[in-house]
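Pasting a structure here, questions to come.
Both backbone and side-chain heavy atoms feed into the values below; hydrogens, waters and symmetry mates do not.
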Amino acid sequence: MSFRWLKLPQSRLSRHIVFVAFASILVVEAIILIPSIIRREKEFLNQLQEVSAGKVSVLTQITAPGVVEETDEQILQQVSNLPQLKPIPLMGKLRHIIVGGALYTAEGKLIGSFGEKPKLSVLELQKNPRKTFRTQDGLRYDAGWTPKKLRRDNFLIIRHDVSSVQPELNAFTMRIAGLVLIISIFVTLGVWIALEPIVIRPILCLRDDLTRAGEAISQDEQTPEFSSSVIQRQDELGDVIAAFKKMFSQITEAIYNRKQAELALQVSLNKLEVYSEALNHELETGREIQNNFLPTKLVEKKGWEIATFFEPARQVAGDFYDTFELANGSIGLVIADVCDKGVGAALFMALFRSMLRVFAYQSKLRGPSHAILEANQPIENGWLGKSKSTNLAHLNALQAVSLTNDYVAKNHSELGMFATLFFGILEPKTGLLTYINGGHEPLYILDKQGGVKQRLQATGPAVGMLPEMKWSIAQTYLQPGELLFGYTDGVTEARSVEGEFFSEERLESLLNTPLPSADILLRQIKEVIAAYTQDAEQFDDITMIALRHINSVKD
């Protein structure tokens with residue numbers, strides 16, 4: 001035989017339920033007991049009052065016929081004997097004791113009193129014939145009789161000694177309370193014993209099942225055998241057990257689906273990793289090829305210093321620079337920025353760079369030289385170059401811009417790719433610079449004492465947008481000590497960690513002091529930008545080129 005119920009005191013839930021049940025029974029019984037005690041007390045007092053009424057009736061019997069009616073004093077004398085009458089046996093230890101009284105006329109005038117004078121007034125009795133009075137200590141009780149009850153024209157108030165009422169009342173209370181306690185204990189024990197099979201056992205089974213379920217899920221084990229599976233209930237607890245089974249089933253199904261998704265994701269990640277490695281390899285190859293397009297060695301001419309800086313935002317870039325020497329000894333200078341970024345811009349960078357070089361080396365002019373010179377003659381001051389052959393050579397090389405533009409616009413217009421570029425031809429002996437600025441950032445000519453002397457503004461639109469576009473050709477001289485500085489918009493649009501641009505104003509502040517070399521200028525600008533951007537992500541490619549005239553070179 002199982003004695004599981006002996007373990008019930010160890011169950012906190014059962015203790016709570018039993019305590020509530022026991023307390024509830026006591027409260028209910030107390031609610032019933034209190035009115036019973038009050039009612040019992042009234043019964044005791046009414047019994048004493050009835051005994052007194054009997055004694056009064058005996059003493060105040062109506063006078064026999066022919067007998068003269070008794071006077072008020074005679075009646076007082078008769079009722080004064082009430083305390084001496086033989087006590088009448090009552091229930092238990094309840095005693096009937098009269099300790100005093102008072103007799104009044106019908107008008108309420110005191111005739112006389114005996115023993116302890118009652119506190120109940122005749123006026124209160126006149127207003128309410130059922131009025132009684134009990135002292136605060138509960139030892140005295142006053143009751144009255146009206147003329148109607150006495151059958152005489154008098155009011156009678158009697159004081160009783162009711163000290164025996166409280167012990168009887170206490171005994172009654174103890175009997176009832178004991179009975180209530182016994183009933184409460186038996187009912188509570190019955191509830192306690194019934195809790196084990198009805199509530200406690202299923203809850204403990206469900207608790208153990210929850211622990212097994214948690215361990216199975218955390219350790220990725222098979223579904224365990226649940227104890228609550230054998231419990232068949234048609235109540236709320238049965239609904240909870242059914243909800244637990246459904247929840248565990250849903251969780252295991254979700255975990256299975258998640259594992260399948262993770263497996264599929266891992267396969268995809270592996271494929272993506274392989275593809276990413278291949279892509280990075282291709283991009284790295286593209287970066288190497290692009291770097292190979294840039295001049296591995298800058299042109300060196302006596303009396304001139306050339307420096308460059310190139311830092312792509314990604315593995316491949318749309319910016320590029322170039323320096324090369326033409327057949328007549330002039331130097332070609334290019335700095336350009338292809339629209340967009342990434343692989344597409346890098347491919348067009350290679351296209352623009354290659355075509356500019358190829359077309360710049362062509363010697364055949366498109367039309368008679370005098371017509372070309374007149375068509376491109378500046379509005380003011382005419383050609384600066386004193387040598388007609390030099391001007392023609394420069395003009396011939398600069399035709400590479402229009403030839404490149406027409407090719408890109410006619411063959412690749414659907415891609416919408418274009419480039420801003422500066423293409424200049426320098427005559428080293430004189431410092432003459434003939435150039436086209438196709439929508440690029442204006443280049444700076446810095447004075448040998450420091451500060452901006454001149455800016456080479458755009459002479460036409462960006463290259464590659466529309467065919468048959470025209471560019472003006474401009475000329476200037478780089479005097480000894482002067483420096484030509486060009487850059488792409490990645491310099492001025494470099495961003496700080498707060499997202500603020502480096503700006504053209506900050507760049508110009510670096511150009512206002514004299515610098516001993518082109519390389520030092522670029523290095524200083526690079527360091528200032530790096531300090532400004534700190535850990536912020538590089539937004540655009542950064543490219544710079546600087547050309548400094550060291551001294552005059554004679555023929």
Side-chain angles (χ1 to χ4, degrees), residues 305-314 317-321 333-341 345 349 418-424 426 433 435-463 471-472 474 476-479 481-549:
E305 177 194 9
I306 302 177
T308 59
F309 176 79
F310 175 71
E311 185 175 353
R314 301 177 185 175
D319 285 7
F320 72 95
Y321 66 88
L333 301 169
V334 180
I335 184 169
D337 183 1
V338 179
C339 68
D340 205 358
K341 303 174 185 63
M349 165 267 184
F418 60 88
T420 64
L421 63 84
F422 175 89
F423 186 18
L426 174 70
L433 179 66
Y435 65 90
I436 287 177
N437 186 341
H440 196 73
E441 303 290 334
L443 277 71
Y444 290 91
I445 294 180
L446 306 181
D447 191 85
K448 62 181 178 179
Q449 303 299 329
V452 178
K453 174 184 176 182
Q454 182 183 352
R455 298 202 66 180
L456 308 184
Q457 302 291 339
T459 61
V463 179
W471 287 266
S472 296
T476 188
Y477 274 104
L478 289 177
Q479 303 298 334
E482 294 180 347
L483 186 147
L484 174 69
F485 171 70
Y487 64 96
T488 58
D489 56 7
V491 173
T492 54
E493 293 180 3
R495 298 182 182 182
S496 65
V497 291
E498 292 80 15
E500 184 180 354
F501 289 133
F502 183 72
S503 77
E504 190 173 295
E505 290 75 12
R506 286 187 175 87
L507 175 62
E508 289 186 358
S509 68
L510 301 175
L511 306 178
N512 288 327
T513 57
L515 294 167
S517 71
D519 183 66
I520 292 177
L521 172 64
L522 298 191
R523 193 185 313 149
Q524 179 178 332
I525 295 174
K526 178 189 70 172
E527 291 173 354
V528 172
I529 291 176
Y532 181 79
T533 56
Q534 296 181 355
D535 296 329
E537 183 181 0
Q538 184 177 337
F539 180 74
D540 200 359
D541 307 324
I542 296 177
T543 305
M544 295 182 288
I545 187 170
L547 172 69
R548 184 168 178 266
H549 193 169

I need the minimum non-hydrogen distance between A494 and T533, along with the two atoms involved. CB-CG2, 3.9 Å
D489 and E441, any side-chain heavy atoms less than 4.5 Å apart: yes
Can you tell which of L433, L478, V452 makes a side-chain contact (heavy atoms from CB on, under 4.5 Å) with I445?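 Between I445 and the candidates, side-chain contact (heavy atoms from CB on, under 4.5 Å) is satisfied uniquely by L478.
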Taking Q538 for the side chain and E311 for the main chain, is one N or O donor matched with an acceptor at less than 3.5 Å?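 Confirmed, Q538 side chain pairs with E311 backbone.
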List in chain and number order the residues that pass side-chain hydrogen bond (donor to acceptor under 3.5 Å, both in side chains) with R495, two or more places apart in sequence or in another chain; answer none if no residue qualifies.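 R495 satisfies side-chain hydrogen bond (donor to acceptor under 3.5 Å, both in side chains) with no other residue.
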At what distance, to the nearest 0.5 angstrom, does CD1 of I542 lie from CZ of F310?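 CZ of F310 is found 10.5 Å from CD1 of I542.
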Does some side-chain heavy atom of L333 sit less than 4.5 Å from a side-chain heavy atom of Y435?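 Heavy-atom side-chain distance check fails, nothing below 4.5 Å.
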Side chains of L456 and L484: closer than 4.5 Å at any heavy-atom pair?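 Counting from C-beta outward, L456 and L484 do come under 4.5 Å.
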For I520, is there any backbone N or O sitting under 3.5 Å from a side-chain donor or acceptor partner on S517? yes
Using a 3.5 Å distance criterion without hydrogens, assess whether the side chain of E305 forms a donor-acceptor pair with backbone atoms of A518.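 Judged by distance alone, yes, a pair lies under 3.5 Å.
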Nearest atoms (heavy-atom pairs only) where A546 meets L483: CB-CD2, 4.2 Å
Is there a donor-acceptor pair closer than 3.5 Å between any side-chain N or O of W471 and the backbone N or O of P461? yes
Taking all non-hydrogen atoms of both residues into account, name the closest pair between T488 and A336 and its distance. CG2-O, 3.8 Å
Rounded distance (nearest 0.5 Å) linking atom CD of Q457 with atom CG of L443: 10.0 Å
Which distance, rounded to the nearest 0.5 Å, do you find between the CD of Q454 and the CG of D447?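 Answer for the CD-CG pair, Q454 versus D447, is 11.5 Å.
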Kindly compute the distance separating OH (Y487) from CD1 (I545), expressed to the nearest 0.5 Å.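 Between Y487 OH and I545 CD1, I get 14.5 Å after rounding to 0.5 Å.
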Does any part of the side chain of Y477, heavy atoms only, come nearer than 4.5 Å to the side chain of H549, both counted from C-beta? no
Consider only side-chain N and O atoms of T543 and D319, and report whether a donor and an acceptor are under 3.5 Å apart. yes
Close side-chain approach of P514 and Q449, heavy atoms under 4.5 Å: no
Using 30° and 60° as the class boundaries, would you call the ring planes of F502 and Y532 parallel, tilted or perpendicular?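 Rings of F502 and Y532: perpendicular, over 60°.
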Test side-chain contact (heavy atoms from CB on, under 4.5 Å) on I525 and F485 and set out the steps. CA-CA 11 Å; I525 295 174; F485 171 70; 3.6 Å; yes
Main-chain N/O of N437 paired with T459 side-chain donor or acceptor, under 3.5 Å: yes
Look at the side chain of H440 and the backbone N and O of A419, then say whether any donor-acceptor pair between them is shorter than 3.5 Å. no
To the nearest 0.5 Å, what is the distance between NZ (K453) and CG (L511)?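 Result: 15.5 Å between the selected atoms.
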Qualifying salt bridge (Lys or Arg N to Asp or Glu O under 4.0 Å) pairs, either residue in residues 505-516, two or more places apart: R455-E508, E500-R506
Scanning both residues in full, the closest heavy-atom pair of L521 with L446 reads CD2-CD1, 4.1 Å
If you count every heavy atom of other residues, nucleotides or ligands that lies below 6.0 Å from K448 atom NZ, does the total exceed 12?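 Result for NZ/K448: open.
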Is there a side-chain contact between L507 and I529 (heavy atoms, below 4.5 Å)?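 No, too far: nothing below the 4.5 Å cut-off.
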Could you give me the CA-CA distance, side-chain angles and deciding distance for F501 and T492, then say whether side-chain contact (heavy atoms from CB on, under 4.5 Å) is met? CA-CA 7 Å; F501 289 133; T492 54; over 6 Å; no
